[in-house]
Amino acid sequence: MGEKGIPRQNCMSIVDCKSAGRELWTTRQTEGCAAFVGNYYHQGAQRKQELLNSCAVLGIPGSRVTIVDHKKLPDDPKTEWSVSLVSSVIVKHIRAHSFNMVLTFDGRGVSGHANHIAIHKAVSHLGSSGQVPDDCCLLSLVTVGLLRKYISFLELPLSWLLPSCLLCTTGSQGYRQAKEAMFCHRTQLLWFRHLYIAFSRYMFVNTFQIVPQGPKNLKIY
C-alpha cells in the first residue's frame with residue numbers, strides 16, 4: 001500500500017486506513033509513504049525530518065518512506081507541476097515496491113492546493129493509460145465542502161450514507177495517534193491547522209473513490 005501526497009495531509013488518511021482493518025494495511029507487508037518535500041518557506045531539511053518523525057508515529061519506518069526532492073516539482077501552489085514528470089516518479093515507486101493499493105487526492109485536492117491536484121492528475125493519467133500493474137488499485141480521497149469538513153465526527157453518518165468505494169474511520173486512540181503525527185510537522189502548524197486538528201472530519205473519517213483504469217499498455221500520443 002502506498003500513499004502519495006504532501007506530508008501533513010498523509011497523516012489523517014494513513015491512520016484511518018490502518019485502523020479500518022489490519023489486512024488493508026499489510027496485504028504485502030510493503031506499507032509505505034511517498035511525499036514531495038515541502039520547501040515553500042525554505043525549510044526543506046527540517047520538514048524532511050518532521051515527515052520521518054510523523055511516519056514513525058504512524059508505524060512506518062524510515063526505510064519505507066520516499067521523499068521526492070526535485071527542482072521541477074517545488075512546493076509552491078503557484079507552480080504547475082508537469083503531469084508526465086509526476087507520473088514517472090509515482091509509477092517508478094509503485095513498481096519498485098510492488099504496491100497493490102495507492103491512496104492519493106481527488107481532483108479538488110482536499111484543500112484546492114495546486115500540487116495536490118497535480119498528483120491526482122498524474123495518478124489518473126497512469127490509470128487511464130494502463131501503466132499501473134494489474135493488481136494495483138488506485139483510490140482518491142474525497143474532498144468535501146467546508147461545512148462537512150469542519151463538523152468533526154458528526155459528519156460520519158453522512159459519509160456512511162453517501163456512496164463511496166472505501167470508508168475509513170478511526171476512534172479515540174486513532175485520533176490521538178493522528179494528532180501526535182500532525183504535531184510532528186511543527187513548521188506547518190499555523191493557527192488554522194490547529195483548528196483543523198480539532199474540528200476536521202478528516203481526523204476521524206476519510207472516504208475514497210476508485211480512480212478509473214484503462215486498458216493496459218495503451219499508448220497516449
Side-chain angles (χ1 to χ4, degrees), residues 1-7 9-10 12-14 16-18 20-21 23-37 60 64-68 70 72-77 79-145 159-168 202 205-221:
M1 176 175 167
E3 173 85 8
K4 298 286 177 181
I6 307 299
Q9 187 64 46
N10 290 358
M12 291 70 69
S13 53
I14 288 177
D16 280 355
C17 287
K18 288 183 73 175
E23 69 281 0
L24 172 66
W25 187 250
T26 58
T27 305
R28 288 188 175 178
Q29 298 297 321
T30 56
E31 67 271 19
C33 173
F36 296 87
V37 67
I60 305 173
R64 299 288 189 181
V65 179
T66 299
I67 300 175
V68 179
H70 196 293
K72 292 185 178 180
L73 300 173
D75 177 21
D76 187 349
T79 300
E80 185 174 349
W81 285 0
S82 165
V83 172
S84 61
L85 177 57
V86 178
S87 298
S88 66
V89 171
I90 292 174
V91 75
K92 179 181 178 181
H93 190 68
I94 293 173
R95 291 171 179 169
H97 298 280
S98 299
F99 287 135
N100 62 356
M101 180 180 290
V102 174
L103 307 181
T104 189
F105 302 102
D106 68 2
R108 292 191 288 168
V110 178
S111 62
H113 195 296
N115 298 163
H116 296 189
I117 296 171
I119 295 171
H120 167 77
K121 289 180 178 179
V123 173
S124 296
H125 169 70
L126 291 175
S128 63
S129 58
Q131 298 183 55
V132 178
D134 292 334
D135 60 349
C136 183
C137 177
L138 308 176
L139 296 174
S140 61
L141 178 64
V142 175
T143 299
V144 300
S159 286
W160 184 267
L161 291 173
L162 293 175
S164 64
C165 295
L166 175 66
L167 184 147
C168 300
Y202 288 106
V205 55
N206 286 277
T207 47
F208 296 84
Q209 297 289 1
I210 288 180
V211 177
Q213 297 191 46
K216 302 301 176 183
N217 300 318
L218 177 67
K219 293 184 179 180
I220 304 297
Y221 295 96

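Just so it is clear, the values below take in all heavy atoms, side chains as well, and ignore hydrogens, waters and symmetry mates. Note that this is a predicted model, so its numbers are computed, not measured.
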Determine, stepwise, if the pair V89 / H93 fulfils side-chain contact (heavy atoms from CB on, under 4.5 Å). CA-CA 6 Å; V89 171; H93 190 68; 5.8 Å; no
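- Expressed to the nearest 0.5 Å, how far OG1 of T104 lies from CG of L141 amounts to 8.5 Å.
- Within the model, atoms CG of D135 and OG of S98 stand 8.0 Å from one another, a figure rounded to the nearest 0.5 Å.
- Closest approach of T207 and S159 over heavy atoms only: CG2-CB, 3.9 Å.
- In this structure, the separation between SG on C136 and CG on L126 is 9.5 Å, given to the nearest 0.5 Å.
- Atom CD of residue Q131 and atom CD1 of residue I90 lie 11.0 Å apart, to the nearest 0.5 angstrom.
- Relative orientation of the F105 and H116 rings is parallel, given thresholds of 30° and 60° on the angle between their planes.
- Every residue two or more places apart in sequence or in another chain that forms a side-chain contact (heavy atoms from CB on, under 4.5 Å) with S82 is listed here: S84, L85.
- To the nearest 0.5 Å, atom CG of residue N206 and atom CG of residue L139 are 11.5 Å apart.
- When all heavy atoms are compared, the tightest approach of V142 to Y202 is O-OH, 2.8 Å.
- Shown here are the side-chain contact (heavy atoms from CB on, under 4.5 Å) partners of S124, two or more places apart in sequence or in another chain: H120, V211.
- In this structure, C168 and F208 approach most closely via the heavy-atom pair SG-CE1, 4.3 Å.
- Contact between A114 and P77 at its shortest, heavy atoms only, is CB-O, 3.3 Å.
- By the side chain to side chain donor-acceptor pair (under 3.5 Å) test, T79 pairs with D76, sequence neighbours left out.
- Side-chain contact between D75 and H113: present, with at least one pair of heavy atoms (C-beta onward) separated by less than 4.5 Å.
- Judged by distance alone, with hydrogens and angles left aside, the side-chain atoms of W81 form no donor-acceptor pair with the main-chain N or O of K72 at under 3.5 Å.
- Considering all non-hydrogen atoms of both residues, S87 and V83 come closest at OG-O, 2.7 Å.
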R108/I117 under side-chain contact (heavy atoms from CB on, under 4.5 Å): CA gap, chis, key distance, verdict: CA-CA 6 Å; R108 292 191 288 168; I117 296 171; 5.8 Å; no
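- The nearest pair of heavy atoms linking L138 to G127 is CD1-CA, 3.8 Å.
- Taking OG from S140 and CD from Q209, the interatomic distance works out to 6.5 Å, rounded to the nearest 0.5 Å.
- Counting only heavy atoms from C-beta outward, the side chains of N100 and C137 never approach each other to under 4.5 Å.
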